[in-house]
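These numbers come from a predicted model, not from an experiment. Atom set for the values below is all heavy atoms of this structure, side chains included, hydrogens, waters and symmetry mates excluded.
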Amino acid sequence: MTGQSADKKLALVTGASRGIGLAIAQRLIREGYQVVGTATSDQGVAALTETLQQHGPEHAALRLDISDSEQTEATLAGLVSDFGVPHVVVNNAGITRDNLFLRLSEDDWQAVINTNLTGVFRVCKVLTKVMLKKKAGSIINISSVIGTTGNGGQANYAAAKAGLEGFSRSLAQEIASRNITVNCIAPGFIQTDMTDVLPEAQKEAILASIPGKRFGNVDDIAGAVAFLASDDARYITGQTLHVNGGMNMG
Ligand code: NAP
């Protein structure tokens, strides 16, 4: 089933096929939202649809590649006409293409900027316009601790995430008077596919730097999203909420 829920607010979660995005989608369902999640492949859409609809037929999945302007515009226009205007938008989709700077290719630079930064611009460009008319909502952008600290081997990723935080503060200033908040969540090290690929020695070094003495899990981030989406956070905008077990207390 697709369509607008009569009684539930709509939440969009990009990159909901796995990892942090899937946990956010599931948490927002538990919070009472109608959730539309996205995946980049048809196979991912089918699996995500099945997962989300275990919680009710009103939830849905769409195929979305935020690195593609035309597809993003068309898919989100379809979202609005089929499901209505989202009350919560979680820009979670992101990639890494790590390499030491001297070996970092322009392709890997562009890929990360195009997805992690310009991709969020594309989503906000379409949805802010319709959210403004409703004069309500929350935009939550998933940044990273690396946007604050930087990290050897991640110049592209650090630049994109730092840029995302500056973008979010600027958009927050422009639309605060319309009752729309824009905030970032900056996770530390969270156990997902993205971090599973790191060498064991690097993981051990990171663990040693976390005062909380454990890696984060996806629910640590989903809980922070649920808070920033809630009415308890209506007066919080333009902020970055760090969820990292104390690995950076900047
Ligand atoms: P993940 O397990 O690698 O999942 C990434 C998600 O993004 C997938 O759903 C993927 O879809 C989607 N995606 C990738 N490229 C996309 C594109 N061009 N358009 C739309 N969707 C796309 O990553 P994760 O660890 O859950 O990370 C989620 C977010 O948290 C990212 O923004 C990441 O930078 C941030 N973060 C993660 C950590 C961490 O420690 N894991 C730390 C700080 C910040 P498919 O499944 O279809 O490929």
Side-chain angles (χ1 to χ4, degrees), residues 13-22 24 38-41 44 64-73 89-125 139-172 182-207 209-210 215-216 218 221 225 239-245 247-248 250:
V13 182
T14 67
S17 52
R18 50 201 167 95
I20 293 171
L22 179 58
I24 293 169
T38 78
T40 60
S41 66
L64 176 66
D65 176 354
I66 60 168
S67 70
D68 179 329
S69 290
E70 277 177 29
Q71 199 208 98
T72 302
E73 237 171 82
V89 175
V90 185
N91 284 299
N92 164 79
I95 59 168
T96 50
R97 294 282 185 276
D98 298 352
N99 221 329
L100 291 174
F101 181 67
L102 288 181
R103 291 190 210 131
L104 185 64
S105 68
E106 189 165 334
D107 279 354
D108 284 345
W109 172 269
Q110 293 292 4
V112 169
I113 299 292
N114 189 30
T115 299
N116 296 9
L117 180 57
T118 316
V120 177
F121 162 85
R122 293 183 182 105
V123 172
C124 289
K125 194 83 181 159
I139 298 172
I140 300 165
N141 297 328
I142 307 300
S143 174
S144 168
V145 65
I146 303 304
T148 300
T149 60
N151 192 26
Q154 289 199 300
N156 49 358
Y157 186 78
K161 295 300 193 183
L164 179 61
E165 292 182 17
F167 164 76
S168 302
R169 286 190 286 270
S170 305
L171 183 60
V182 186
N183 291 291
C184 288
I185 291 171
F189 185 107
I190 309 298
Q191 286 180 300
T192 68
D193 293 350
M194 187 177 272
T195 46
D196 278 352
V197 296
L198 297 175
E200 277 311 311
Q202 193 177 344
K203 288 189 203 170
E204 277 169 30
I206 294 170
L207 186 57
S209 75
I210 303 173
F215 293 130
V218 292
I221 305 306
V225 170
Q239 304 301 314
T240 296
L241 177 56
H242 288 265
V243 183
N244 61 28
M247 84 188 270
N248 180 267

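For Asp193, the salt bridge (charged side-chain N to carboxylate O under 4.0 Å, His left out) partners are Arg18, not counting sequence neighbours.
Using a distance-only test at 3.5 Å, with no hydrogens or angles considered, no donor-acceptor pair links the side chain of Asn141 to the main chain of Ser168. With Asn92 contributing its side chain and Ile142 its backbone, the two residues share no donor-acceptor pair below 3.5 Å. Under a 3.5 Å cut-off, the side chain of Asn116 and the backbone N or O of Ile95 do form a donor-acceptor pair.
Here the options are Leu117, Thr115, Asp68, Asn114, the test is side chain to side chain contact (heavy atoms under 4.5 Å, CB included), and the partner is Arg122; only Asn114 passes.
Shown here for Ala93 and Thr14, the closest heavy-atom pair between the two residues is N-OG1, 3.0 Å. Contact record, Val145 with Gly188: CG1-CA, 3.8 Å, taken as the closest heavy-atom pair. Of all non-hydrogen atoms in Lys161 and Gly147, the two that sit nearest each other are CB-CA, 3.9 Å. Minimum interatomic distance between Thr40 and Leu64 (heavy atoms only, all atoms of both residues): CG2-O, 3.6 Å. Considering all non-hydrogen atoms of both residues, Thr240 and Ala186 come closest at CG2-CB, 3.7 Å. Of all the heavy atoms in Leu164 and Cys184, the pair that sits closest is O-SG, 4.1 Å.
Atoms OG and NE2, from Ser143 and His242 in turn, are 7.5 Å apart once rounded to the nearest 0.5 Å.
Within the 4.5 Å cutoff, no side-chain heavy atoms of Phe215 are placed close to those of Thr195. Two residues are said to be in side-chain contact when any heavy atoms from C-beta on lie closer than 4.5 Å; Ser105 and Asn99 fail this criterion. The shortest side-chain heavy-atom distance between Ile66 and Val123 falls under the 4.5 Å cut-off. Using a 4.5 Å cut-off on side-chain heavy atoms (C-beta onward), Val182 and Phe167 make no contact. Between Ile113 and Thr118 there is a side-chain heavy-atom pair separated by less than 4.5 Å. Residues Ile20 and Thr192 meet the side-chain proximity criterion, which asks for heavy atoms closer than 4.5 Å. Inter-residue side-chain proximity for Thr148 and Glu165 is flagged as met; some heavy-atom pair is nearer than 4.5 Å.
Judged by distance alone, the side chains of Asn248 and Thr149 never bring a donor and an acceptor atom under 3.5 Å apart.
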